[in-house]
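Report on one structure; see the data block that follows.
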Amino acid sequence: MFTSTGSSGLYKAPLSKSLLLVPSALSLLLTLLLPHCQKFFVYDLHAVKNDFQIWRLICGRIICLDLKDAFCSGLLVYNFRIFERRYGSRKFASFLLGSWVLSALFDFILVEAVQCLLGVSVASNLPSGFLAPVFALFVPFHCSIPRVQVAQILGPLSITNKTLIYILGLQLFTSGSYIWIVAMSGLISGMCYDRKVLQVHQVLCIPGRMAQFFSWALEPIFSSSEPTSEARVGMGATVDIQRQQRMEQLDRQLMLSQFAQVRRQRQQQGGMINWNRLFPPLRQRRNINYQDGPRSEQRPSPPLEVSEEQVARLMEMGFSRGDALEALRASNNDLNVATNFLLQH
């Protein structure tokens, strides 16, 4: 699967690992061994509204009773583990908690809106499971993960590093009759939390002491070791040289993607390719191991002025100001390229 989520495995993603293992194991247990207990995990809005069975808002929205939904949501959680690495486990858990709580409210609103405006009666049982927060993660995935072309098919159509993840989300979106309600409520709650509407991110968050307790109690259980395959990338003798070689490999991938995009624009509009725009200076590499000849006597060019708005956007993603400035200067003020650099290194 094409991935845009950095290194493989669940390294530095204990919460994502727990969301993969625990709900999947419980889904298998309920489906195969305890089918008579499934009635306690049905997401029944009518029972919540008429019989005040508030506990269904918790039990019915954690465990998937459909193994197909459990499998698809597990794959999406694995691909979205990049956000736990970027934000940290506490902030990632706060996003999941906030979207999970908000989506319960939007489920009621959407069901009532469909019945009142369209006159269509919606079934009382909505799809069970931890689905709404998974759909909510598509909001930061769409907004903050840059798109890099992998292959081109049928002329203007192209496959990117995000295509198969969107296809997997579409598969989950169409897996049931009323799962679109859960998906819409998840997307709306994700936008509200991501855009800090009504400061919900400050209200629906994980307290610091609780985060420390779970980090002490559960992180040793669900933590993963660093993948050994990542350490073998590159043939350099030191870690710095290996990172330099991985950066060069990413540079080549990005330049090929830019070349394909410019070539399509030239075919549509005509004219010559602007090679200076296509191959901007990506980074000033000053590693002494790569200096085969004498140093150039030319004076270094003055640092490129960067947009404060783009710096602010990178800082909102969790990067430091220094890293944001360096990445933007290295990528010639290209926000997508700068974000890719910071995600991969």
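For clarity, every value in this text was computed on a predicted model and none was experimentally measured.
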Geometric class of the F83/Y87 ring pair [parallel <30°, tilted 30-60°, perpendicular >60°] =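 Because their plane-to-plane angle is under 30°, the rings of Y87 and F83 count as parallel.
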Between [X] and [Y], which heavy-atom pair has the shortest distance, and what is it?
X    : Y    : value
A136 : S189 : CB-OG, 4.2 Å
P140 : D194 : CB-OD1, 4.4 Å
L168 : C72  : CD2-O, 4.1 Å
Y11  : R85  : O-NE, 2.9 Å

Using atom types as modelled and distance alone, determine if a side-chain donor or acceptor of [X] lies under 3.5 Å from a backbone N or O of [Y].
X    : Y    : result
D51  : Q53  : no
R56  : V42  : yes
S128 : F41  : yes
S175 : D69  : no
K17  : S224 : no
Y193 : L102 : no
S144 : F141 : no

[atom1] ([X]) with more than 12 external heavy atoms under 6.0 Å:
X    : atom1 : answer
F213 : CZ    : no
E309 : CD    : no
F222 : CZ    : yes
L198 : CG    : no
H46  : NE2   : yes

Are any of the side-chain heavy atoms of [X] and [Y] separated by less than 4.5 Å?
X    : Y    : answer
C143 : M191 : no
F40  : C59  : no
F108 : L57  : yes
V111 : Y178 : no
F135 : L172 : yes
F138 : I165 : yes
L15  : L218 : no

Audit row: R86, I145, side-chain contact (heavy atoms from CB on, under 4.5 Å) steps and yes/no = CA-CA 11 Å; R86 181 194 297 184; I145 300 299; 3.4 Å; yes
Throw together a table of side-chain donor-acceptor distances under 3.5 angstrom for residues 89-98, partners on residues two or more places apart or in other chains.
unit_1: S89; atom_1: OG; unit_2: E84; atom_2: OE2; d: 2.7
unit_1: R90; atom_1: NE; unit_2: I206; atom_2: O; d: 2.9
unit_1: R90; atom_1: NH2; unit_2: I206; atom_2: O; d: 3.1
unit_1: S94; atom_1: OG; unit_2: R90; atom_2: O; d: 2.9
unit_1: S94; atom_1: OG; unit_2: I206; atom_2: N; d: 3.0

hydrophobic_cluster_shared for [Y] and [X], side chain cutoff 4.5 Å:
X    : Y    : result
I54  : I109 : yes
W216 : I221 : yes
V22  : L33  : yes

[atom2] on [Y] to [atom1] on [X], rounded to 0.5 Å:
X    : Y    : atom1 : atom2 : result
S24  : I63  : OG    : CD1   : 10.5 Å
N79  : L137 : CG    : CG    : 11.0 Å
C64  : L131 : SG    : CG    : 4.5 Å
C205 : M210 : SG    : CE    : 10.0 Å
L10  : L20  : CG    : CG    : 6.0 Å
L187 : C192 : CG    : SG    : 11.0 Å

Evaluate the side-chain contact (heavy atoms from CB on, under 4.5 Å) criterion for residues L325 and L314: first the C-alpha distance (whole Å), next the side-chain angles of each, then the deciding distance (0.1 Å), finally the verdict.
-> CA-CA 9 Å; L325 289 173; L314 290 176; over 6 Å; no
Salt bridge E308-R321, side-chain N to carboxylate O under 4.0 Å |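 R321 and E308: salt-bridged.
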Do S223 and E219 pass the side-chain hydrogen bond (donor to acceptor under 3.5 Å, both in side chains) test, and can you show the C-alpha distance, the side-chain angles, and the key distance before you say yes or no?
-> CA-CA 5 Å; S223 61; E219 187 170 350; over 6 Å; no
Show your reasoning for whether side-chain hydrogen bond (donor to acceptor under 3.5 Å, both in side chains) applies to T163 and T160.
-> CA-CA 5 Å; T163 300; T160 69; 3.1 Å; yes
Contact list for residues 102-114, test side-chain hydrogen bond (donor to acceptor under 3.5 Å, both in side chains), sequence neighbours left out =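 Listed by first then second residue: Y43-D107, K49-E112, R61-S103, D107-S185.
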